[in-house]
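Here the structure comes first, spelled out in structure tokens, and everything after it is commentary.
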Amino acid sequence: MATASNAAVPTLIGSVQRALRLLEAVGSHADGAPAKQLAREAGLPLPTAYHLLRTLTHEDYLRREKGVFVLGCAAERLANGSALQNRRSKIANSLVHWRDSIGVPVYFAVYREGEIEIAGVADSPAAPAVEEWADFRETGHAHAIGQCLLSQLDDSAREDHLDRHPVQAITPYTVPSRGALLDRLAVTERMRPLVERQEYALGTVCAAIPVMVGSSAAAMAISVPLHQEERLLPAIERLRGEVESLLSSLAFSISI
């Protein structure tokens, strides 16, 4: 009969542990290493190491090149997935920090493959985000995030977007026509906040700033109730300062 302490010991699969040790050994050599060296570093008998190396190679976790083993595509996908999750965590944590320090909902959006994508939102019961009552992707002309992203596109990409998502009235305050929208974007100063008042949601004002990282268009935005409009510009300027500080530290990436 197993004792209570023995029952608490998890069941470990030895072959999995040995395979992971081999992967770690391979990963420690940028130019790869031969089987004998990997077996020695992983503390495995050579026949066992050979068997596991063949299996890992068959499953594309390793590749054999000129007598040495290097990490394969499957292992690289795992590493990239971990890096991606790390970047997403940094973005989410940054949004929460700004929400708490500035006291407003904070949005992060990117323009990806011809569409507006809200990549993150941090709000609270005291400062709720704007409800997406009309699809953000189709109404980029009507909200600060969309207008900010469109302002960063070249003429061809902007015209293509508006062909697919025509300007239409969302509220009585929505920009009235495609021409009026293009005129507004043409006079928008580079890197300056873009402000929208009740064009997407009645009773709400929003401001967005471009986030320039690499060649992708991205934007950060905030929103406040109409009766608190005096908070909007000071808050977005504070956000811009904090975003620039974070970008300069290379701690933030839009590659999500």
Side-chain angles (χ1 to χ4, degrees), residues 1-97 107-122 135-137 149 157 164 211-220 246-256:
M1 173 184 258
T3 65
S5 59
N6 288 337
V9 176
T11 299
L12 302 179
I13 301 176
S15 59
V16 175
Q17 291 178 302
R18 291 188 286 272
L20 291 173
R21 290 205 300 272
L22 276 175
L23 283 174
E24 290 173 351
V26 174
S28 68
H29 297 281
D31 298 322
K36 289 183 179 180
Q37 182 179 354
L38 294 172
R40 183 172 62 252
E41 293 178 358
L44 299 176
L46 187 57
T48 300
Y50 272 127
H51 174 71
L52 291 171
L53 288 169
R54 284 196 299 269
T55 302
L56 290 168
T57 300
H58 180 268
E59 296 297 329
D60 208 22
Y61 284 93
L62 296 178
R63 295 195 316 273
R64 189 171 187 178
E65 298 179 349
K66 299 179 180 179
V68 301
F69 291 89
V70 297
L71 293 178
C73 293
E76 291 170 358
R77 286 195 296 271
L78 286 177
N80 291 337
S82 176
L84 176 62
Q85 185 59 45
N86 185 46
R87 289 194 295 268
R88 287 175 172 169
S89 296
K90 286 181 179 179
I91 291 172
N93 291 338
S94 297
L95 295 180
V96 169
H97 166 73
Y107 312 77
F108 174 54
V110 296
Y111 195 80
R112 195 196 312 276
E113 298 180 354
E115 299 295 348
I116 293 167
E117 179 180 326
I118 305 299
V121 180
D135 193 324
F136 279 136
R137 294 172 300 175
L149 291 173
R164 291 181 290 108
V211 179
M212 304 302 293
V213 180
S215 60
S216 300
M220 304 288 301
L246 188 59
L247 285 173
S248 66
S249 72
L250 302 180
F252 188 81
S253 170
I254 64 171
S255 303
I256 64 175

Minimum-distance pair of heavy atoms, taken over all atoms of R112 and V110: NH2-CG2, 3.5 Å
With sequence neighbours excluded, what pairs up with F136 under the ring-ring contact (aromatic ring centres under 6.0 Å, His included) test? H143, Y200
Once you round to the nearest 0.5 Å, how far does CG of L56 lie from CG of L23? 5.0 Å
Main-chain N/O of L71 paired with R63 side-chain donor or acceptor, under 3.5 Å: yes
Working to the nearest 0.5 Å, report the span between CG of L53 and CZ of F69. 4.5 Å
Are R21 and Q17 side-chain neighbours, meaning at least one heavy-atom pair lies under 4.5 Å? yes
Got a list of side-chain donor-acceptor pairs under 3.5 Å for residues 27-46, not counting sequence neighbours?
residue, atom, partner, partner atom, Å
S28, OG, A25, O, 2.6
H29, NE2, E41, OE1, 2.9
H29, NE2, E41, OE2, 3.0
Q37, NE2, E41, OE2, 3.0

Please identify each residue that fulfils side-chain contact (heavy atoms from CB on, under 4.5 Å) with R164, with sequence neighbours left out. Y111, E115, D160, H161
Heavy-atom closest pair (R137 atom, I116 atom, distance to 0.1 Å) is CG-O, 3.0 Å
